[in-house]
Amino acid sequence: RKLVSRPLEASLPLPVLEDDSASKHPQMPCLKLSEVWARYKFEQQHEGVRVKTISDKDAQVTLLIRIVGDIPIRNFGREEARLFKEIAQQLPPSYKASAGKSIKQLVQNAKTTISSTTFNNYVKNLTTVFKFAIREGYCHNNPLEGLKVKQRVKVSSLRHRFSDTDLVSVFDFAHYPMKDQKYPYRYWLPYLGLLTGARLNELCQLYLDDFVTVKGLQCIHIREGRAEQRLKSFSSERLVPLHSELRKIGLLDYVADLR
């Protein structure tokens, strides 16, 4: 797909779009994209939104501005939305690590591009900015509506999965770490990952008091019980019943010894 020839960086001139919104809505504040984001970011911070969530949105607003320019949000229309979609989908997954390169250079040098799922996440986060702007009266519609890429397969089917052969290799007793070695997490984490389905960071941040008994059922409590414990979302907190195989290999005995 060819790269469009329109300016891509905020420093380059943009075509002047005819705007009659000022005459129709004289009371509407004329805020730029960056100014709207600054106000929304302030609100998000005071509402206790996770730092990572805000950081992700910040990166995506920055990308939007690099592609269409820091224009008044009321001037952002479907044309700018289509431009954002066309260019963003041509970016490499690691574009944020390529400091100093223009959008055009990133697109031209891309060997692989971001996935449809990643792009759809960009649209989802940017949509929250426009919803805030609509609520506050800075604009009257969300031009990103319907911009997501339609996927004909389940997102989960696109993820790389361990095959039976992979699992046999990982848990090969000839090479698997011993239980009583210097670094016991090397023994326990693969089993915990296999038999709980929890994310790696969720398992690595477990404390002894996260192993609980609820109504006679032994469980692992995935939660944010301490300042350093972080979950992907508030709904990620859960009780995971302890698999019988974990009891057989002595996980609860190991926890009891540490206590």
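This is a predicted model, so every value here is computed, not measured. Only heavy atoms go into these numbers, but all of them, side chains included; no hydrogens, no water, no symmetry mates.
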Atom pair [atom1] ([X]) and [atom2] ([Y]), whose distance is rounded to the nearest 0.5 Å:
X: Leu195; Y: Leu251; atom1: CG; atom2: CG; answer: 10.0 Å
X: Asp58; Y: Leu63; atom1: CG; atom2: CG; answer: 11.5 Å
X: Lys150; Y: Asn120; atom1: NZ; atom2: CG; answer: 11.5 Å
X: His46; Y: Gln44; atom1: NE2; atom2: CD; answer: 11.5 Å
X: Glu237; Y: Glu202; atom1: CD; atom2: CD; answer: 10.5 Å
X: Leu246; Y: Leu252; atom1: CG; atom2: CG; answer: 8.5 Å

Heavy-atom check, side chain of [X] versus side chain of [Y], under 4.5 Å:
X: Phe130; Y: Ile73; answer: yes
X: Cys30; Y: Arg74; answer: yes
X: Val212; Y: Leu239; answer: yes
X: Leu147; Y: Leu126; answer: no
X: Cys139; Y: Phe76; answer: no
X: Lys41; Y: Ile54; answer: yes
X: Ser34; Y: Ile65; answer: yes
X: Ile220; Y: Leu192; answer: yes

Return yes if some donor-acceptor pair links the side-chain N/O of [X] with the main-chain N/O of [Y] below 3.5 Å, else return no.
X: Arg78; Y: Pro143; result: yes
X: Asp70; Y: Leu33; result: yes
X: Glu145; Y: Asn142; result: no
X: Gln90; Y: Val107; result: no
X: Asp172; Y: Ser169; result: no
X: Gln229; Y: Gly225; result: yes
X: Glu80; Y: Gly77; result: yes
X: Arg238; Y: Ser236; result: yes

*Pairwise side chain to side chain donor-acceptor pair (under 3.5 Å) hits with a residue in residues 187-198, at least two apart*: none
Considering non-hydrogen atoms only, spot the tightest contact between [X] and [Y] and give its length.
X: Thr213; Y: Gln218; answer: OG1-CG, 4.0 Å
X: Arg230; Y: Asn201; answer: O-ND2, 3.4 Å
X: Ile249; Y: Lys179; answer: O-NZ, 2.6 Å
X: Ala88; Y: Ile114; answer: O-CD1, 3.3 Å
X: Val129; Y: Trp37; answer: CG2-CE3, 4.1 Å
X: Tyr185; Y: Pro190; answer: O-CD, 4.0 Å

_side chain to side chain contact (heavy atoms under 4.5 Å, CB included) between Thr117 and Val149, worked out_ = CA-CA 8 Å; Thr117 300; Val149 177; over 6 Å; no
*Given the rule in the side-chain hydrogen bond (donor to acceptor under 3.5 Å, both in side chains) test, do Asn125 and Thr128 qualify, once you have shown the distances and angles that lead to the verdict?*
CA-CA 5 Å; Asn125 282 337; Thr128 67; 5.3 Å; no
*Test item: side-chain donor near acceptor, Lys57 and Tyr40, under 3.5 Å*: yes
_Charged N-O contact under 4.0 Å between Lys248 and Glu245_ = yes
*Can we say Asp56 and Lys124 salt-bridge, meaning some charged N sits less than 4.0 Å from an Asp/Glu carboxylate O?*
no
_Working note: Leu194 + Val170, criterion side chain to side chain contact (heavy atoms under 4.5 Å, CB included); need CA distance, chi angles, decisive distance, verdict._
CA-CA 11 Å; Leu194 176 69; Val170 171; over 6 Å; no
Applying the 4.5 Å side-chain criterion to the ILVMFWY set and letting contacts propagate, would [X] and [Y] be lumped into a single cluster?
X: Ile134; Y: Val123; result: no
X: Tyr207; Y: Val255; result: no
X: Leu208; Y: Val240; result: yes
X: Tyr183; Y: Tyr254; result: yes
X: Leu258; Y: Leu206; result: yes

*Arg39: what forms a side-chain hydrogen bond (donor to acceptor under 3.5 Å, both in side chains) with it, not counting sequence neighbours?*
Tyr138
*Counting heavy atoms not belonging to Asp164, are there more than 12 under 6.0 Å from its CG?*
no
_Can you tell me which residue among Arg259, Arg226, His221 is in a side-chain hydrogen bond (donor to acceptor under 3.5 Å, both in side chains) with Asp209?_
Arg226
*In sequence, state the C-alpha distance, the side-chain angles, and the governing distance for Tyr122 and Phe84, and then conclude on ring-ring contact (aromatic ring centres under 6.0 Å, His included).*
CA-CA 10 Å; Tyr122 290 0; Phe84 173 73; 7.0 Å; no
